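Everything below concerns the one structure shown next.
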Amino acid sequence: MADVFTPEKRSLVMAAIRSRGNKATEIRLIKVMQAHGITGWRRHHALFGRPDFVFPRARVAVFVDGCFWHGCPRHFKSPAARADFWSQKIGRNRARDRKVTRELVLRGWTVIRIWEHALTKRLAARTVARLRRVVTRDGSAA
């Protein structure tokens, strides 16, 4: 089916859509943390870079990065259409991720970035172990 908009109009329409986060992936991480008794986290904490989860007492910021939007080295496959656009878009996202991580580390936070694929049943235990190691380092949470 052909698009009813011109490419320019479609671009304007899509640009007007604001992101609401990666809710399904965040909910998956919540279920994993709850199932393994990891506590002390908060969502929507006012912190630079807007982490998905924050463990305030341990000063740990957690980002759940989608494999497509953040260019997962294992799973990202650039769309064939508009390859230059997508390459630049994913490159900007990755640069922003590095900037946010750097800034939070400078502010004294530990940053954990979890790939979306790390929340599958097969990899969840490894992800939980990693979270637990960092969050309980000082015995303050989980």
Side-chain angles (χ1 to χ4, degrees), residues 3-142:
D3 197 347
V4 296
F5 294 122
T6 65
E8 295 79 20
K9 178 64 176 177
R10 171 61 59 204
S11 182
L12 288 171
V13 168
M14 296 306 288
I17 300 170
R18 291 290 144 228
S19 170
R20 296 202 175 158
N22 52 354
K23 187 175 180 180
T25 310
E26 290 175 20
I27 289 171
R28 232 181 323 177
L29 181 55
I30 289 170
K31 289 180 180 181
V32 167
M33 289 191 295
Q34 288 174 337
H36 290 87
I38 295 178
T39 62
W41 50 270
R42 299 287 173 263
R43 290 180 72 194
H44 311 298
H45 195 78
L47 189 61
F48 179 79
R50 294 178 22 206
D52 298 311
F53 298 90
V54 173
F55 291 85
R57 290 182 62 198
R59 293 186 63 83
V60 173
V62 178
F63 293 87
V64 182
D65 292 340
C67 289
F68 178 80
W69 293 106
H70 296 268
C72 171
R74 224 186 256 176
H75 298 106
F76 176 72
K77 183 173 179 342
S78 184
R82 301 183 67 205
D84 286 343
F85 167 82
W86 285 110
S87 175
Q88 291 173 17
K89 169 66 177 159
I90 301 305
R92 286 191 309 270
N93 289 352
R94 294 180 83 180
R96 184 188 62 236
D97 292 345
R98 287 189 301 273
K99 177 184 175 188
V100 167
T101 297
R102 242 186 340 265
E103 182 62 30
L104 287 173
V105 168
L106 287 172
R107 294 179 185 194
W109 287 81
T110 299
V111 176
I112 297 178
R113 290 196 171 270
I114 298 172
W115 284 112
E116 172 185 18
H117 70 259
L119 298 176
T120 61
K121 287 182 183 181
R122 196 179 109 236
L123 298 175
R126 187 181 308 168
T127 302
V128 166
R130 181 175 165 222
L131 265 173
R132 193 167 274 146
R133 235 184 353 264
V134 174
V135 173
T136 62
R137 203 173 24 212
D138 63 356
S140 65

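A quick note: this is a predicted structure, and the numbers were derived from the prediction, not measured. All values below were derived from every heavy atom in this structure, side-chain atoms included, with hydrogens, water molecules and symmetry-related copies excluded.
- For Arg28, the salt bridge (Lys or Arg N to Asp or Glu O under 4.0 Å) criterion is met by Glu116, not counting sequence neighbours.
- Scored by the side-chain hydrogen bond (donor to acceptor under 3.5 Å, both in side chains) test, Arg96 finds Asn93 as partners (sequence neighbours excluded).
- Interatomic distance, CG of Leu123 versus CZ of Arg130, reported as 11.5 Å (0.5 Å rounding).
- Taking CZ from Arg57 and CZ from Arg42, the interatomic distance works out to 10.0 Å, rounded to the nearest 0.5 Å.
- In this structure, Thr127 and Val32 have side chains that are not in contact, with every pair of non-hydrogen atoms separated by 4.5 Å or more.
- No donor-acceptor pair closer than 3.5 Å links the side chain of Asp65 to the backbone N or O of Ile114.
- When all heavy atoms are compared, the tightest approach of Phe55 to Thr39 is CE2-O, 3.4 Å.
- For the pair His36 and Arg132, the minimum side-chain heavy-atom distance is below 4.5 Å.
- Atom CG of Leu47 is separated from atom CZ of Arg59 by 8.0 Å, given to the nearest 0.5 angstrom.
- Every residue two or more places apart in sequence or in another chain was checked for a side-chain hydrogen bond (donor to acceptor under 3.5 Å, both in side chains) with Arg94, and none qualifies.
- Of the inter-residue distances, the one linking Ile112 atom CD1 with Arg133 atom CZ reads 9.0 Å to the nearest 0.5 angstrom.
- In this structure, Trp41 and Val54 have side chains that are not in contact, with every pair of non-hydrogen atoms separated by 4.5 Å or more.
- With sequence neighbours excluded, the residues forming a side-chain hydrogen bond (donor to acceptor under 3.5 Å, both in side chains) with Thr110 are Arg137, listed by chain and number.
- Between atom CD1 of residue Ile38 and atom CZ of residue Phe53 there is a gap of 11.0 Å, rounded to the nearest 0.5 Å.
- The side chain to side chain donor-acceptor pair (under 3.5 Å) pairs that include a residue from residues 98-109 are Thr101-Arg113, Glu103-Arg107, where partners are two or more places apart or lie in different chains.
- Around CZ of Arg92, the count of heavy atoms belonging to other residues, nucleotides or ligands within 6.0 Å exceeds 12.
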Take Phe63 and Leu104 through the side-chain contact (heavy atoms from CB on, under 4.5 Å) test and state the conclusion after the steps. CA-CA 12 Å; Phe63 293 87; Leu104 287 173; 3.8 Å; yes
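- Leu29 contributes atom CG, which lies 9.5 Å from atom OG1 of Thr25 (distance to the nearest 0.5 angstrom).
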Take Arg43 and Asp52 through the test side-chain contact (heavy atoms from CB on, under 4.5 Å) and record every step on the way to the result. CA-CA 6 Å; Arg43 290 180 72 194; Asp52 298 311; over 6 Å; no
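- Under the salt bridge (Lys or Arg N to Asp or Glu O under 4.0 Å) criterion, Arg82 pairs with no residue at all, not counting sequence neighbours.
- Panel note: side chain Ser87, backbone Ala83; no donor-acceptor pair is recorded below 3.5 Å.
- In this structure, Val64 and Leu119 have side chains that are in contact, with non-hydrogen atoms separated by less than 4.5 Å.
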